Amino acid sequence: MPLRLFNTMSSQVEEFHPLRDSEVRMYACGPTVYDYGHIGNFRTFIAIDLLRRFLRQSGYKIQHVMNITDVDDKIIRNSARDGVTVQQYTAKYEKAFLEDAAMLGIEQPTLVRATEHIPEMAQFVAKLVEKGFAYRADDGSYYFRIAKFPRYGKLSKKDFSSMLDGARVDVDEYDKDSARDFALWKAPKPGEASWDTVIGPGRPGWHLECSVMSMEELGESFDLHAGGEDLIFPHHENEIAQSESLTGKPFAHFWFHARFLLVEGEKMSKSLGNFFTPRDLVLKGHKPSSIRYLLASVPYRNQLNFTFDGLKQAAVSVDRLRNFRLRLSAGNFADGSNPQMQTLATETGDRMRAALDDDLNTAQAQAAIFEMVRQANTAFDTGSVMKDDVPPLLAALEKFDEVFAVLHDDDIPKMKQVLQWAQTEGREKDISQELRDAVQSAHLSDADIEAKIADMRAARTSRDFKKSDAIRAELAEAGILVEITKDGIRWRRR
RNA sequence: GGCGCGGUACCCAAGUGGUAAGGGAGAGGUCUGCAAAACCUUUAUGCGUCGGUUCGAUUCCGACCCGCGCCUCCA
């Protein structure tokens, strides 16, 4: 079964076939680095990451490009406010964005920056002018003439036919032929960043960079273009207009858009006080893996209601999976194999694949893995998991994690980084006790813990439960959870 | 106003024209020196409301109520 994805262009779920057999070329609209990214941004980037990972698991080579918008109105305004250069300003937030993305397990695409492609953008505009699709306004700005592109509106399903007859719409305050014409290039203003180019001085409009850089990296036609749902119009519509006007060829074949999320049932906004960045959540003591799991658990086209209760639930769910893996890798098993476990592992793999093939139904993929966990745990309890069952069960778990990427437990070091960041940024007051407690466990090395566990083992051998319990309590204090099982003592960091 | 999406148990959340996945939480139980982990049982005659189509609808159609998005650079 091939992957079936919703294509915004056709408004329906279609089979996804890349233009080249074994390779997927995809472009994602990245952040404008004017501030820290918030969980809404990262919902989109995680959705794209899940897609990328699943495509790779499906056997494709991936060429994945993402832009960093490092020049725009807000950046110019904020950098001036802070008295730093645009470069200094954007460097800080680009770094923060990449750190957050890494913290959330997002694989880094090939990055392209707007400011590093200014000459190409100017060339692009020059060619559009040559072909009659763009014009220069009196102030030196350039606009795209949408009346020349009859398909304008096809992605967002908007009807612009009334302005396609070339009639000049009278708009006094603009130097545009039609109110809908969008800026390709903005003439310089005093004090603003500006570049000298073949089409004169100025800076690029927002949409231009994505057309220029995607074509440069991926070719004039490529497989998939992704972003948040708000980008459908005008951003992606404009990219299509300028790109296809220039090349005469179809731009991206698939358009992938992630839905916005709600926070505690409401639209996320600073005024409602429900606006969060990943760092905010970690400062409150939540684990990066919980955040990723929650953001990945609702299929990308559904509205996701991000709640703190949900975050706690996500943490428990991830723990359950990690515990299961621990049990698989640490247990003692009798030789042989149990056909039921073999079948279970195979079927789980198939179910996950089918779920993700179905427009990336992550909720169903999760259901499949939990079904396996429960059944295998039941078999564990009756001693009917055999040595040869372990590899296939682990493989199914790995297959899950190749896409979801939450099993590897590096939450504590990541949380520690956020704590340190808060200290350097003067945000000590925002560091919760929960975060301090969590990071505490990082102070004990594995060897330290092993030594304590050895003491515990000795105490238990002589049935000195008081001493054993005391050590356990001490470790618990330091954030280490100790479990006594039939197969011995095992521990993990909470 | 135009275009589009959604309303499923205490919470999060899949799903199907034939009788409701999964996770969390709660309750009871098994195991256990105690914990932890794990397992078992249990929690929606019901899927926003009202009509319609159908042998049969949560699933299709219509109306209404509510929430959300886009419609001048917010993922």
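In this text the structure is predicted, and so the values were computed from the model without any measurement. FYI, side chains are in, hydrogens and waters are out, and symmetry mates aren't considered; it's all heavy atoms of this structure. First the proteins, then the strands, lettered A, B, ... as listed; each starts at 1.
- Taking the C1' atom of each, B/C47 and B/A13 are spaced 13 Å apart, rounded to whole Å.
- With B/C74, B/A14, B/C12 as the choices, the nucleotide that has an atom nearest any side-chain atom of A/N302 turns out to be B/A14.
- Rounded to a whole angstrom, the distance from the C1' atom of B/U49 to that of B/U58 is 14 Å.
- A donor-acceptor pair is defined here as one N or O able to donate and one able to accept, closer than 3.5 Å; no such pair exists between the side chain of A/E229 and the backbone of A/H257.
- A/N274 has its side chain within reach of A/E266: a pair of non-hydrogen atoms, C-beta onward, lies under 4.5 Å apart.
- You'll find the side chain of A/V385 stays beyond 4.5 Å of the side chain of A/N338, heavy atoms only.
- Heavy atoms of A/P31 sit nowhere under 4.0 angstrom from any nucleic acid atom.
- Contact check for A/V33 versus A/E94: side-chain heavy atoms found under the 4.5 Å cut-off.
- Scanning atom types as modelled, no donor and acceptor separated by under 3.5 angstrom connect the side chain of A/Q313 and the base of B/C12.
- In this structure, the nucleotide among B/G2, B/G67, B/C39 sitting nearest to the side chain of A/D381 is B/C39.
- Here the nucleotide nearest the side chain of A/R472, chosen from B/C34, B/A13, B/G69, is B/C34.
- Pairing for B/A27 goes to B/U41, judged as Watson-Crick or G-U wobble with the two contacts each under 3.5 Å.
- Side-chain atoms of A/R460 and base atoms of B/G33 include a donor and an acceptor less than 3.5 Å apart.
- OP1 or OP2 of B/A75 has at least one side-chain nitrogen or oxygen of A/N41 nearer than 4.0 Å.
- In the region residues 360-371 of chain A, proximity to RNA chain B at under 4.0 angstrom, judged on heavy atoms, holds for A/N361, A/A363, A/Q364, A/A367, A/F370, A/E371.
- Close to B/G4, at under 4.0 Å from its OP1 or OP2, lies no side-chain N or O of A/R301.
- Residue-level contact check: A/H38 touches the bases, meaning some heavy atom is under 4.0 Å from a base atom.
- The partner of B/C50 is B/G62, judged by Watson-Crick or G-U wobble contacts that both fall below 3.5 Å.
- The side chain of A/R374 places an N or O atom within less than 4.0 Å of a non-bridging phosphate oxygen (OP1 or OP2) of B/C40.
- Residue A/I484 is classed as a base contact, given a heavy-atom separation below 4.0 Å to a base.
- Using a 4.0 Å cut-off, some side-chain N or O of A/R180 falls inside it from OP1 or OP2 of B/U72.
- When the C1' atom is compared between B/G18 and B/C60, the two are found 14 Å apart, to the nearest whole Å.
- Judged by distance alone, with hydrogens and angles left aside, A/R259 brings a side-chain donor or acceptor within reach of the base of B/C68, the pair sitting under 3.5 Å.
- Minimum atom distance to the side chain of A/N377 is reached by B/A38, of the listed B/A37, B/G24, B/A38.
- Using a 4.0 Å heavy-atom criterion, one finds that A/K74 contacts the sugar-phosphate atoms exclusively.
- A/F251 pairs with exactly one of A/E239, A/Q242, A/M9 by the side chain to side chain contact (heavy atoms under 4.5 Å, CB included) rule, that one being A/E239.
- Once the 5.5 Å centre distance and the 30° plane angle are applied, the aromatic ring of A/F42 is found not to be stacked with the base of B/A75.
- Comparing B/G6 with B/C12, their C1' atoms sit 16 Å apart, to the nearest whole Å.
- Set against B/C68, B/A13, B/C12, the side chain of A/P299 has B/A13 as its closest nucleotide.
- Among residues two or more places apart in sequence or in another chain, the side-chain hydrogen bond (donor to acceptor under 3.5 Å, both in side chains) test is passed with A/N377 by A/R327.
- Both A/G30 and A/K466 sit near RNA chain B, but only A/K466 has its closest nucleotide nearer the 5' end.
- B/G23 and B/U54 are spaced 36 Å apart, taking the C1' atom of each and rounding to whole Å.
- In this structure B/C5 sits in a base pair with B/G67, meeting the Watson-Crick or G-U test at under 3.5 Å.
- For B/C73, its base sits under 3.5 Å from the side chain of A/K186 at one donor and acceptor pair at least.
- Contacts with RNA chain B (heavy atom under 4.0 Å) in residues 229-237 of chain A: A/E229, A/D230, A/L231, A/F233, listed by number.
- Distances were taken from every side-chain heavy atom of A/R320 (C-beta onward) to each of B/C74, B/G33, B/G23; the shortest belongs to B/G23.
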Practice task
Applying ring-ring contact (aromatic ring centres under 6.0 Å, His included), run through A/F149 and A/F160 and close with a yes or a no.
Solution key: CA-CA 10 Å; A/F149 190 71; A/F160 295 100; over 10 Å; no

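- Using the Watson-Crick or G-U wobble rule with both distances under 3.5 Å, B/G22 pairs with B/C12.
- No more than 12 heavy-atom neighbours from other residues, nucleotides or ligands sit within 6.0 angstrom of CD on A/Q340.
- A distance of about 48 Å separates the C1' atoms of B/A37 and B/C70, rounded to the whole Å.
- For A/R43 against B/A75, a side-chain-to-base donor-acceptor contact under 3.5 Å is absent.
- Tested against A/D35, the residues A/R279, A/K92, A/K270 include a single salt bridge (charged side-chain N to carboxylate O under 4.0 Å, His left out) partner, A/K270.
- Note on A/K267: a side-chain N or O is less than 4.0 Å away from OP1 or OP2 of B/G69.
- For B/C40, the OP1/OP2 oxygens have a side-chain nitrogen or oxygen of A/T378 closer than 4.0 Å.
- Residues A/Q375 and A/M372 are not in side-chain contact: their nearest non-hydrogen atoms beyond the backbone lie 4.5 Å or more apart.
- A/R259 places no side-chain N or O within 3.5 Å of a backbone atom of A/N302 that could act as its donor or acceptor partner.
- Of the candidate nucleotides B/A21, B/C5, B/C34, B/C34 has the atom nearest to the side chain of A/D469.
- A sub-4.0 Å separation between OP1 or OP2 of B/A37 and a side-chain N or O of A/N323 is absent.
- Taking atom C1' in both B/U72 and B/G24, one finds a spacing of 43 Å when rounded to whole Å.
- Of the candidates B/A37, B/G67, B/C71, the closest approach to any side-chain atom of A/R492 belongs to B/A37.
- B/G2 and B/A21 have their P atoms separated by 40 Å, with the value rounded to a whole Å.
- Backbone-only engagement by A/G227 is indicated by non-hydrogen atom pairs under 4.0 Å involving sugar-phosphate atoms exclusively.
- Using a 4.5 Å heavy-atom cutoff, the side chains of A/H235 and A/C29 are in contact.
- Taking 4.5 Å as the limit, some side-chain heavy atom of A/L281 sits within range of a side-chain heavy atom of A/F306.
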